[in-house]
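In what follows, chains carry the letters A, B, and so on, assigned in the order in which the sequence lines appear, proteins first and then strands, with residues in each chain numbered from 1. FYI, side chains are in, hydrogens and waters are out, and symmetry mates aren't considered; it's all heavy atoms of this structure.
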Amino acid sequence: MDPGEGGSPAAPSTSGAAPVTIAGAAAEIKEDAGKQVVVILIGPPGSGKSTFAEAVMAGAAAAGRPWARVCQDTIGKGKAGTKIQCLKAAADALKEGKSVLIDRCNLEREQRSDFVKLGCTVQADVHAVFLDLPAKVCISRSVSRTSHEGNVQGGMAAMVVNRMLKNKQAPLLTEGFSRITFCTDDDDIKKAVDMYSALGPSHSLASGVFGQKSKGPVQTGIMKFLKKADTSSINKSSGTMVTSSERKTGQQNTTLKQENLEAGGACSMQVEKKLDNLKEKEEQSKEKVSSDTSLCTLAFPSISTADFQFDLEKASEVIVDAATDFVQKHDNVRLVLVDLSQKSRILSLVKDKAAKKSFDSSRFFTFVGDITQLHSKGGLQCNVIANAANWRLKPGGGGVNAAIFNAAGEALQHATKECADTLRPGNSIAVPLPSTSPLHQQEGVTHVIHVLGPNMNPMRPDCLKSDYTKGCKVLREAYNSLFENFASIARSYPGKQNDETSSRKSASGVISPNDSKTKREGSDDSQRTKKYNSMGSSDAPNQAREEDNKKNGAVTNKTWGSWAQSLYEVAMHPEKYKNADSILEISDEFVVLKDLYPKAKRHVLVISRTDGLDSLADVKKVHLPLLRSLHSAGLKWAHKFLEEDASLTFRLGYHSVPSMRQLHLHVISQDFNSPSLKNKKHWNSFTSAFFLDSVDVMDEVDQHGSVTISPDERLLAMELRCHRCRSAHPNIPKLKTHIAACKSPFPSHFLKKDKLLSASTVRTGCS
DNA sequence: GTTCTAGAAC
DNA sequence: GTTCTAGAAC
């Protein structure tokens with residue numbers, strides 16, 4: 001044993017106290033089949049790793065569990081070796097069925113990641129034991145020792161320890177550990193040694209994070225030890241928001257504020273309160289806000305108050321109500337409202353309103369910082385972050401959405417796409433963030449929950465104008481949905497130590513839906529249900545059908561964009577929209593809908609309700625009666641419109657390659673007098689061969705059993721020609737000026753097959 | 001499908 | 001300078 005580390009009372013306990021309880025957790029040794037364990041020790045020189053390892057080796061060997069200690073300081077024939085040698089030795093020991101103690105500093109995630117991966121190769125549990133003693137203790141021990149295996153001793157030791165501690169990264173479950181034990185003093189170490197020593201071959205340890213406490217004195221300790229006045233360089237490496245009880249003087253309070261600023265501008269309600277009332281509040285606040293990772297934490301931006309222009313005052317009320325309700329009902333969760341600016345008005349409003357409410361303020365507070373860098377820059381560990389998404393769940397657009405998609409990389413885009421295509425206002429969708437995502441690796445974020453709030457901005461879709469009755473309702477729904485999704489995730493969060501689900505953490509550290517096989521309130525099911533709800537009910541049958549198609553070997557030529565689903569949604573669930581002005585008629589076979597962006601004075605869609613009939617390409621002879629029904633409905637509505645305006649002329653037909661999913665017949669007046677007709681594609685889609693007359697379609701299906709589609713994009717890019725006189729025009733405005741005045745008769749081929757419907761044809765019975 | 005916008009066209 | 005389009009973004 002290294003005499004330099006002998007100061008640590010890490011030997012097996014002689015006190016006779018219960019051996020395996022740490023930080024108040026229940027006894028964690030379980031009788032079961034027992035698994036090999038890879039224990040990765042984490043700590044600077046002088047933290048007592050070797051003492052720990054040797055004590056555990058001896059104790060556990062006595063209990064019957066074979067261990068191998070892999071010590072980088074001695075692996076080279078008694079001298080310091082390489083990481084590769086350690087990896088090989090550890091892998092060999094695991095193959096022999098031994099459990100392994102990795103005895104090297106492992107202070108940075110990258111340094112230990114390869115050892116974490118070793119556990120996967122033999123299905124071993126991977127544990128971290130973080131020997132997080134005060135720096136001055138480590139330095140003191142390593143300076144004074146004389147025969148350290150790695151030669152970290154004497155005058156150089158202080159510098160080495162100091163340098164290492166600057167870069168230390170506390171272990172996270174998301175790195176792949178199934179269990180993390182924090183030891184912040186010798187007593188903790190003793191208990192951890194006892195626990196691992198008592199581990200027999202048919203034992204395993206509970207999963208989760210154990211023994212973590214608030215940090216703080218470490219860095220100050222280094223500075224005191226090194227007698228340096230300038231704290232800035234070290235403060236920058238501090239990951240915690242609230243520090244130690246040493247901060248009792250005014251000067252130290254200033255340091256706290258400075259630290260928070262340097263750590264990414266972090267400033268929480270709780271922290272500010274603490275600064276103001278430090279003497280009164282210190283003990284109760286410091287642990288809760290700083291590093292209480294036993295609470296599953298959701299960081300969320302204010303929804304709808306940026307681009308969607310929702311009133312801040314009203315939004316703050318909704319936030320405070322929803323959040324306080326939530327934290328009062330759930331005991332293992334923490335909510336953090338995040339905004340970038342210290343001057344954020346929404347944060348101020350929420351803080352003010354929250355202050356008037358009675359609840360545990362350590363479980364809902366505000367935080368200034370970048371939501372994509374809360375851990376690395378702000379020292380705030382958040383397992384889950386919310387995204388103020390757009391309805392298409394796509395990256396870009398600026399603000400939080402762009403920042404999160406950017407920080408999370410393509411992994412989030414792919415993961416999102418697997419969960420949902422679109423989102424409705426008032427809903428949210430939880431997306432497990434793949435471990436390949438930088439946001440997962442660097443910030444420890446395991447899930448992103450996309451939320452869509454109400455829109456009050458007339459320049460954005462689904463504007464509620466100034467209807468704040470509905471707006472507040474939808475915003476509340478959005479937060480409720482967000483928090484419910486978060487609760488589902490939190491139920492399987494391993495940090496909740498007495499939670500029966502805590503051991504169900506996957507080895508990769510990612511809580512995937514499949515891992516959450518908890519029986520509590522069926523979180524798995526609720527997650528799935530939520531997934532479909534969030535998309536609108538259309539996607540569940542859509543996915544099922546697509547899968548069926550694949551099974552049946554059906555060829556799906558067209559993939560529909562997320563924006564192309566709305567007609568399908570209306571067709572499948574017209575009752576949901578029956579009060580909307582745009583729905584004109586609902587039958588078993590079809591729905592008649594005013595086109596949201598009419599390209600003429602009158603423009604309606606007759607949408608088939610047959611599931612699986614996306615476009616003309618899917619139409620078979622069996623659908624002929626349906627085509628006739630659609631046509632009849634179109635005629636009926638055209639007649640109705642002609643009664644209202646006898647000057648109109650109608651044409652009924654289909655786009656050969658529609659943009660929107662679900663077979664729909666256009667009934668469109670031939671004036672094309674509409675501000676929504678804006679470009680060449682619009683024009684040509686109704687006036688070129690791209691537009692297939694309903695009568696021709698029915699004839700062709702009748703004669704050939706299907707419609708010949710020759711998708712030709714060039715039809716849409718053709719020059720702009722008047723549909724009456726065929727004159728060419730240089731641009732849309734000039735064309736529109738012309739058609740408003742053109743009185744030429746329609747080309748004769750339209751007239752031959754009753755393709756045009758006007759007051760005169762109705763009167764003469766030609767239609 | 002719409003919206004946005006850089007840059008072409010005028 | 002403004003108008004308009006094409007293509008990217010949504």
Side-chain angles (χ1 to χ4, degrees), chain A residues 304 306-309 387-406 410 412-413 416-417 420-425 429 450-453 455-463 535-536 538-539 542 558-571 577 580 582 591 593-600 603-605 607 614-616 654-666 668 672 674-686 690-691 711 713-721 728-739:
Chain A
S304 289
D307 195 32
F308 283 179
Q309 300 178 356
N387 176 33
N390 53 54
W391 75 272
R392 294 177 181 91
L393 294 169
K394 288 287 168 60
V400 169
N401 185 60
I404 289 178
F405 270 103
N406 195 33
E410 285 191 7
L412 177 60
Q413 287 182 51
T416 300
K417 207 166 185 179
D421 286 331
T422 59
L423 201 56
R424 296 184 167 285
I429 177 78
H450 299 295
V451 197
L452 187 63
N455 171 36
M456 296 298 177
N457 179 353
M459 302 303 285
R460 295 279 175 261
D462 299 324
C463 176
M535 292 184 287
S538 64
D539 282 288
N542 180 21
K558 175 141 180 146
T559 37
W560 298 96
S562 55
W563 41 264
Q565 305 286 348
S566 50
L567 297 184
Y568 178 81
E569 168 70 6
V570 170
Y577 308 92
S582 53
V591 177
L593 175 76
K594 283 190 206 170
D595 195 300
L596 187 59
Y597 299 95
K599 304 302 183 293
H603 183 188
V604 301
L605 307 177
I607 310 166
D614 288 347
S615 73
L616 276 186
Y654 300 85
H655 282 154
S656 53
V657 184
S659 297
M660 305 288 282
R661 176 186 177 196
Q662 195 66 10
L663 182 71
H664 55 281
L665 172 72
H666 289 269
I668 185 165
F672 296 111
S674 165
S676 294
L677 196 156
K678 292 176 176 174
N679 59 46
K680 188 178 271 187
K681 187 175 174 183
H682 291 155
W683 177 254
N684 284 329
S685 73
F686 288 101
F690 190 86
F691 190 85
E713 290 292 312
R714 287 173 301 180
L715 289 171
L716 299 175
M718 287 193 312
E719 62 191 339
L720 297 167
R721 282 189 179 273
H729 299 269
N731 56 46
I732 288 288
K734 292 207 163 53
L735 172 74
K736 291 178 91 168
T737 304
H738 167 81
I739 58 173

TODO: With sequence neighbours left out, write down each residue that passes side chain to side chain contact (heavy atoms under 4.5 Å, CB included) with A:Asn406, or none if nothing qualifies.
DONE: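 With sequence neighbours excluded, A:Asn406 shows a side chain to side chain contact (heavy atoms under 4.5 Å, CB included) to no residue whatsoever.
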Open item on the list: Please enumerate all residues that pass side chain to side chain contact (heavy atoms under 4.5 Å, CB included) together with A:Ala402, with sequence neighbours excluded.
Closed with: none
Would you please name every residue forming a ring pair (Phe, Tyr, Trp, His ring centres under 6.0 Å) with [X], sequence neighbours left out?
X        : value
A:Phe405 : A:His450
A:His603 : A:His666, A:Phe686
A:Phe690 : A:His655

May I ask you to say what [X] touches in the nucleic acid, namely base, sugar-phosphate or nothing, with a heavy-atom cut-off under 4.0 Å?
X        : answer
A:Lys599 : sugar-phosphate
A:His682 : sugar-phosphate
A:Ile732 : sugar-phosphate

Task: Where chain A begins and ends its contact with DNA chain C, read 5' to 3' at 4.0 Å from heavy atoms - done: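 With heavy atoms of chain A under 4.0 Å away, the range is C:dC4 to C:dC10.
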